[in-house]
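Count residues from 1 along the sequence.
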Amino acid sequence: MRLTRAQRQDRTHEQLLEAGVAVFLRRGFLAATVEEIAAEAGYTRGAVYKHFGGKEGLWQAIVDAHADTHLHGLRAALDRATSREELLAVLNPAVYVQRTATRWTAVSAEYLAAVAGRPEHAAALAATQRRLDETVAADLDRHCRRLGIRPALPLRDLVVAWGALGGGLALLHAADPATAVGEVAAGVLAVLLPPPTGEPGGSPPAAGEPGASPPAAGEPGASPPAAGRPGGVS
C-alpha cells in the first residue's frame with residue numbers, strides 16, 4: 001500500500017526520533033552530529049533540520065516523548081501503591097538507575113549545559129519540566145491524602161527535590177557504580193514523606209487535631225493550672 005505524503009512525513013519523523021535516541025545515548029549530546037543522526041535513520045541532514053530545526057530541537061522532542069511515557073508509567077505505579085512503603089518504593093530512583101537511565105541523565109546534563117545561555121531552547125526545556133512537575137505534584141497530593149501521609153515540604157518543592165535527587169544520584173552512579181543509590185534515596189524520601197500520624201516514627205498530630213496533646217502550662221492555648229498543681233492556687 002502506497003503511503004500518503006503525510007504518512008511518509010510521520011514515518012520520517014519517528015525514524016529520526018529513534019535514530020536521535022540511539023546516537024545521543026551512544027555518543028552524547030555534544031559529540032553527536034546532525035549528519036550522524038540523519039545517516040542512522042537513512043536520510044540526509046536536511047531531514048533533521050526540516051523536522052526539528054537541528055539537534056537541539058530533536059533532543060527536545062525526544063525529551064517530550066520520554067516525559068509522557070515516564071509519566072504514564074509513574075502514574076500507573078502510584079495507583080497500585082497501597083501503603084507508604086509501596087509509595088516510597090515507586091519513587092525511589094534506584095528503580096530507574098540502570099545503564100540506559102544513567103546514560104540518559106548524562107546526556108540530559110550535557111544538553112542543559114549547552115542550552116543554558118540560549119533562552120529559546122532553555123525555555124522549552126523548562127516548560128516541559130514544569131508541566132511534568134505540576135502533574136506529578138497533583139498526583140502525589142491525591143495519593144498522600146489517600147494514604148494519610150503529610151509531606152514535609154510543599155509538594156511542588158518536594159517534586160523538584162525528588163527530581164534533583166534522582167538526577168544527581170544517577171550521575172554519581174555513572175561515575176561510581178558502587179554508590180548505594182537505593183539506600184541514599186530511601187533515607188531522603190523517608191524524611192520528605194514521613195509515616196502517617198499514629199504509626200511508629202510518624203509525626204505527632206498538630207495542635208487541635210484528634211489525638212494531639214494539650215498545650216503545656218504557659219503555652220498559647222493552655223488551660224489555667226488546676227488547684228494543687230504547680231502554678232495553681234493551693
Find the distance between [atom1] ([X]) and [atom2] ([Y]) and round it off to the nearest 0.5 Å.
{"X": "Arg11", "Y": "Leu16", "atom1": "CZ", "atom2": "CG", "result": "11.5 Å"}
{"X": "Thr179", "Y": "Leu172", "atom1": "OG1", "atom2": "CG", "result": "3.5 Å"}
{"X": "Leu87", "Y": "Arg146", "atom1": "CG", "atom2": "CZ", "result": "8.0 Å"}
{"X": "Ile149", "Y": "Leu140", "atom1": "CD1", "atom2": "CG", "result": "9.0 Å"}
{"X": "Leu58", "Y": "Phe24", "atom1": "CG", "atom2": "CZ", "result": "4.5 Å"}
{"X": "Asp133", "Y": "Trp162", "atom1": "CG", "atom2": "CH2", "result": "8.5 Å"}

* Near-ring test Tyr111/His121, centroid separation under 6.0 angstrom -> no

Side-chain heavy atoms of [X] within contact of [Y], under 4.5 Å:
{"X": "Thr105", "Y": "His173", "value": "no"}
{"X": "Leu25", "Y": "Val21", "value": "yes"}
{"X": "Leu132", "Y": "Thr128", "value": "no"}
{"X": "Leu192", "Y": "Pro151", "value": "no"}
{"X": "Leu193", "Y": "Leu91", "value": "yes"}
{"X": "Ser108", "Y": "Phe29", "value": "no"}
{"X": "His66", "Y": "Val63", "value": "no"}
{"X": "Val191", "Y": "Val188", "value": "no"}

Carboxylate-amine/guanidinium proximity below 4.0 Å for [X] and [Y]:
{"X": "Arg27", "Y": "Glu110", "answer": "no"}
{"X": "Glu134", "Y": "Arg156", "answer": "yes"}
{"X": "Arg45", "Y": "Glu36", "answer": "no"}

* Go through the steps to decide whether Lys50 and Gln9 satisfy the test side-chain contact (heavy atoms from CB on, under 4.5 Å), and finish with yes or no. => CA-CA 10 Å; Lys50 178 181 179 180; Gln9 288 182 336; 4.0 Å; yes

Could you tabulate the donor-acceptor pairs under 3.5 Å formed by side-chain atoms of residues 71-78, not counting sequence neighbours?
residue: Arg75; atom: NE; partner: Asp139; partner atom: OD2; Å: 2.7
residue: Arg75; atom: NH2; partner: Asp139; partner atom: OD1; Å: 3.3

Closest non-hydrogen atom pair, [X] against [Y]:
{"X": "Val48", "Y": "Ala38", "value": "CG2-CB, 4.0 Å"}
{"X": "Arg84", "Y": "Pro194", "value": "NE-C, 3.3 Å"}
{"X": "Leu17", "Y": "Ala61", "value": "CD2-CB, 3.8 Å"}
{"X": "Ala185", "Y": "Pro93", "value": "CB-CD, 3.5 Å"}

* Asked: Within the side chain of Lys55, is there an N or O that forms a donor-acceptor pair under 3.5 Å with the backbone of Leu30?
  ->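 It does hold such a pair.
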
When you group the ILVMFWY residues by side-chain heavy-atom contacts below 4.5 Å and let the links chain together, are [Y] and [X] in the same group?
{"X": "Val90", "Y": "Leu189", "answer": "yes"}
{"X": "Tyr43", "Y": "Ile37", "answer": "yes"}
{"X": "Val136", "Y": "Leu147", "answer": "yes"}

* With side-chain contact (heavy atoms from CB on, under 4.5 Å) as the test, would you mind laying out the steps for Trp104 and Ile62 before giving the verdict? => CA-CA 11 Å; Trp104 179 280; Ile62 291 170; 3.4 Å; yes

* Asked: How are the rings of His13 and Phe52 set relative to one another: parallel (under 30°), tilted (30 to 60°) or perpendicular (over 60°)?
  ->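 His13 and Phe52: tilted rings.
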
* Please step through side-chain contact (heavy atoms from CB on, under 4.5 Å) for the pair Asp79 and His143, ending with a clear verdict. => CA-CA 8 Å; Asp79 285 341; His143 290 294; 3.2 Å; yes

* What residue pairs, at least two apart or across chains, pass salt bridge (Lys or Arg N to Asp or Glu O under 4.0 Å) with a residue in residues 113-132? ->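 Every pair satisfying salt bridge (Lys or Arg N to Asp or Glu O under 4.0 Å) with a residue in residues 113-132: Glu56-Arg118, Asp68-Arg131.
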
* Step by step, work out the side-chain contact (heavy atoms from CB on, under 4.5 Å) result for Leu88 and Asn92. => CA-CA 6 Å; Leu88 295 183; Asn92 195 313; over 6 Å; no

